[in-house]
Structures are given as C-alpha cells and as structure tokens.
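Reviewing the structure listed below.
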There are 2 protein chains.
Amino acid sequence: MSSRRDAVHEILRQSEGFRSAQDVYAEMRAEGAKIGLTTVYRALQALADNGHVDVLRTDDGESVYRACASGDHHHHLVCRRCGRTVEVAGPAVERWAEAVGTEHGFTEITHTVEVFGTCPACSAAAKAG
Amino acid sequence: MSSRRDAVHEILRQSEGFRSAQDVYAEMRAEGAKIGLTTVYRALQALADNGHVDVLRTDDGESVYRACASGDHHHHLVCRRCGRTVEVAGPAVERWAEAVGTEHGFTEITHTVEVFGTCPACSAAAKAG
DNA sequence: GTGCAAGTGAAAACCGTTGTCAAAATCGCC
DNA sequence: GGCGATTTTGACAACGGTTTTCACTTGCAC
C-alpha cells in the first residue's frame with residue numbers, strides 16, 4: 001500500500017549493517033526522495049512490528065534498524081567500526097538463557113545477545129593506516 | 001573525596017535491581033538530600049567508568065545502573081516486572097561469543113547478554129491478582 | 001586570610017523521538 | 001470519470017532523558 005514504507009525498507013535492504021532513522025532519512029533526502037522524518041520513523045516502527053526488520057539500541061540510546069535475511073530468531077555480529085553485520089544463530093545460547101532463567105524460577109524468559117568486534121576489512125585498514 | 005558520589009553509590013547498593021538516574025535522584029531528594037540532578041548523572045558516570053556499577057539501556061533508551069557484587073565480567077537475569085536482578089555467570093556464552101567472532105575473522109570481540117523474565121514473586125502475584 | 005583547583009547545581013541546550021493536525025494521496029463505490 | 005470517506009503524509013511543536021554551561025561554593029595549601 002504505501003510506497004514510502006517500501007522505499008524505507010529498500011534502503012535497509014541495500015545496507016550492510018544497522019542504520020539509524022535519521023541516517024535513513026538523510027540518505028533518502030540525499031537521493032532526492034520527498035519524505036518526512038515522521039514518515040521514516042513510522043515506516044521503521046511498522047516494519048519492526050511486523051518483524052520485517054530487526055531493531056536494537058546503540059550505546060548512546062539511538063535505535064538502529066536492519067532488514068535481516070532470516071525471519072527466525074537470531075543474533076548479530078556487528079563491526080564496531082563500519083557497522084557491517086553478520087547474522088548468527090546460537091542454539092547453545094538460547095538453551096543457556098532458558099536454563100539460567102528457569103534455574104532461578106523465572107518464567108517467560110527472553111534474552112538479548114549481541115556480539116561486537118572489528119571486522120577483517122576494518123582491522124586491516126587500522127593496521128595499514 | 002566526594003560525599004555525594006558515595007551517597008549515590010550507597011543508594012545503588014541498597015537496591016535490588018537496576019535504577020535510573022532520575023529514579024536515584026528522586027529517592028535522594030525524597031530522603032531530604034540536597035543534591036542536583038547534574039551531580040547524580042556525574043556520579044553515576046564516574047562510578048560506571050571506574051567499574052563500580054554496571055550500566056545498561058532499557059528498551060526505551062533510559063540508562064539504568066546497578067552496584068554489582070562481582071567486579072568480574074558477568075551478566076544479568078532481570079525481572080521485567082519488578083526489576084529484581086540476579087547476577088549470572090556464563091562461561092559457555094563467553095566462549096560462544098568469542099568463537100562466533102573469530103569464525104568470521106572479527107577481532108577484539110565483546111558482547112552484551114541480558115536475560116529477562118518474570119521472577120517467582122511477580123508471577124505468583126500475577127496469578128493471584 | 002588569600003589563592004587556586006575541584007565540586008556542585010539551576011537552568012539552558014541538545015538530540016532522538018513522538019504527538020498534532022491539516023493537507024494530500026488513495027480507495028471504494030457509483 | 002466523479003466523489004466522498006479513509007488513510008497516509010510531513011512540517012512543526014512538544015517531550016524526556018541526558019549533557020553542557022557557568023556562576024557559585026567548598027576544601028586544601030600556603
């Protein structure tokens with residue numbers, strides 16, 4: 001229905017890593033798209049609600065979004081320099097989280113797991129520079 | 001040196017779970033302490049920098065702080081209702097994160113892992129209510 | 001007491017995000 | 001195609017947590 005939402009989704013699909021709302025907005029405007037910041041936020045929220053994109057919070061409280069290949073539950077290995085992201089599955093971690101929770105009598109266990117590092121390209125660049 | 005910072009630290013020590021800066025500030029004022037919000041923020045940042053308290057971000061972007069018993073690396077099992085927190089160690093998770101990173105050629109691997117659930121008291125209360 | 005560095009806090013600035021509301025686009029129906 | 005109803009859009013204002021600013025106070029050395 002909404003071409004704007006699709007446009008936002010498309011930007012994320014073309015991105016290697018997580019992008020912030022402001023970032024997506026800036027890129028769309030730079031490409032000449034006529035879109036408002038409000039609409040970008042709404043599109044991202046809607047996409048996140050439908051599970052079409054993954055959301056996480058950066059250390060400084062910004063929400064960042066990514067169109068992930070897998071719709072299933074998975075985690076991310078994110079380069080802290082360039083933001084490039086690899087989707088990773090971790091059955092062991094899922095089990096561990098569940099076990100830790102039930103062990104203490106907790107129910108309805110959920111968890112957040114993110115792995116950060118410096119990707120090969122960036123560590124090479126750092127060494128060269 | 002600063003008695004204010006100690007006071008802030010003390011509030012956290014007496015708390016069961018993570019507390020927000022505003023929350024700590026409100027409590028101190030309620031107790032009659034003469035302190036400014038600015039100072040609370042500064043104290044919390046300093047404590048976090050020195051590793052005396054752990055920090056994490058809530059889903060709505062607020063920073064929350066906790067004085068943890070262990071100075072070592074550990075994770076948290078947090079009740080999503082009352083905020084009560086249990087410190088948990090997860091050697092398996094540490095290894096998994098490291099392995100996932102190196103497997104993709106990433107270096108300087110770090111990770112964030114938090115487990116959320118409903119604690120026994122809160123799930124009992126929910127059932128009763 | 002004097003001088004200086006560090007600490008403090010009220011108020012303002014900041015910044016990402018969310019709400020408001022009128023204009024514009026789209027849909028359903030004839 | 002025409003037309004009213006509904007949805008979407010976006011400029012702008014508000015919001016809320018955090019950070020900065022800056023003048024004032026406090027503690028310490030001399």
Side-chain angles (χ1 to χ4, degrees), chain A residues 1-12 15 17-67 78 80 83 85 112 114, chain B residues 1-12 15 17-67 78 80 83 85 112 114:
Chain A
M1 35 197 80
S2 113
S3 57
R4 311 289 164 156
R5 182 173 306 176
D6 290 343
V8 169
H9 200 175
E10 192 52 34
I11 293 282
L12 289 182
S15 304
F18 283 87
R19 308 286 300 271
S20 73
Q22 312 263 355
D23 191 15
V24 169
Y25 171 68
E27 175 165 341
M28 295 184 76
R29 296 296 288 222
E31 286 178 357
K34 284 278 209 323
I35 192 171
L37 189 50
T38 312
T39 305
V40 173
Y41 273 105
R42 270 193 293 243
L44 289 172
Q45 274 169 352
L47 289 167
D49 286 350
N50 298 341
H52 292 125
V53 305
D54 285 0
V55 195
L56 61 85
R57 292 259 179 187
T58 63
D59 281 346
D60 55 326
E62 222 180 350
S63 294
V64 288
Y65 304 82
R66 180 165 197 268
V78 186
R80 69 166 64 79
T85 299
T112 68
E114 306 298 337
Chain B
M1 39 195 77
S2 112
S3 58
R4 311 290 165 149
R5 182 173 308 176
D6 290 343
V8 169
H9 199 176
E10 191 52 35
I11 293 282
L12 289 182
S15 303
F18 283 86
R19 308 286 300 270
S20 73
Q22 312 264 355
D23 192 13
V24 169
Y25 170 68
E27 176 166 339
M28 296 185 75
R29 296 295 289 222
E31 286 179 356
K34 283 281 208 321
I35 192 171
L37 189 51
T38 312
T39 305
V40 173
Y41 273 106
R42 271 194 291 243
L44 289 171
Q45 274 170 352
L47 288 167
D49 285 350
N50 298 340
H52 292 125
V53 305
D54 285 1
V55 197
L56 62 85
R57 292 260 180 187
T58 62
D59 281 346
D60 56 326
E62 220 179 352
S63 294
V64 288
Y65 304 83
R66 180 164 196 270
V78 186
R80 70 166 63 82
T85 300
T112 68
E114 307 296 338

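In what follows, chains carry the letters A, B, and so on, assigned in the order in which the sequence lines appear, proteins first and then strands, with residues in each chain numbered from 1.
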So which protein nitrogen or oxygen atoms get under 3.5 Å of nucleotides 26-28 of chain D's nitrogens or oxygens?
none

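Rounded to the nearest 0.5 Å, atoms CD1 (A:Ile11) and CG (A:Asp6) are 12.0 Å apart.
Residues passing the side chain to side chain contact (heavy atoms under 4.5 Å, CB included) test with A:Ser63 are A:Val55, A:Arg57, A:Tyr65, sequence neighbours excluded. Here B:Arg80 pairs with A:Glu108, A:Thr110, B:Phe116, B:Thr118 under the side chain to side chain contact (heavy atoms under 4.5 Å, CB included) rule; sequence neighbours left out. Residues meeting the side-chain hydrogen bond (donor to acceptor under 3.5 Å, both in side chains) test with B:Thr112, sequence neighbours left out: none.
For the pair A:Tyr25 OH and C:dC15 C1', the interatomic distance rounds to 15 Å; values are reported in whole Å. If you measure from atom CG of A:Leu37 to atom P of D:dT8, you get 19 Å, rounded to the nearest angstrom. In this entry the distance linking NZ of B:Lys34 with C1' of D:dT25 reads 14 Å, nearest Å. Taking atom CZ on A:Arg5 and atom C1' on C:dA25, their separation rounds to 15 Å, with Å as the unit. Atom CD of A:Gln22 is separated from atom P of C:dT18 by 11 Å (rounded to the nearest Å).
DNA chain C is contacted by A:Tyr41, A:Gln45, A:Glu62, A:Ser63 of residues 39-64 of chain A, taking any non-hydrogen atom closer than 4.0 Å.
Nearest approach of A:Val78 to A:Phe18, heavy atoms of both residues: CG2-CE1, 4.2 Å.
Phosphate proximity of D:dG10 to A:Arg4: present, with a side-chain N or O under 4.0 Å from OP1 or OP2.
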Kindly list each side-chain donor-acceptor pair under 3.5 angstrom involving residues 38-52 of chain B, sequence neighbours excluded, with atom names and distances?
| residue | atom | partner | partner atom | Å |
| --- | --- | --- | --- | --- |
| B:Tyr41 | OH | B:Gln22 | NE2 | 3.0 |
| B:Asn50 | ND2 | B:Ala46 | O | 3.4 |

Cut-off 3.5 Å, no hydrogens considered: what does the side-chain donor-acceptor table look like for residues 24-34 of chain A, sequence neighbours left out?
| residue | atom | partner | partner atom | Å |
| --- | --- | --- | --- | --- |
| A:Glu27 | OE1 | A:Arg19 | NH1 | 3.2 |
| A:Glu27 | OE1 | A:Arg19 | NH2 | 2.5 |
| A:Arg29 | NH1 | A:Ile35 | O | 2.6 |

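Recorded end-axis angle for the helix from C:dG1-D:dC30 to C:dC30-D:dG1 stands at 20°, based on five pairs per end and rounded to 10 degrees.
The side chain to side chain contact (heavy atoms under 4.5 Å, CB included) test with B:Arg66 singles out one residue from B:Leu12, B:Thr85, B:Val53, and that residue is B:Thr85.
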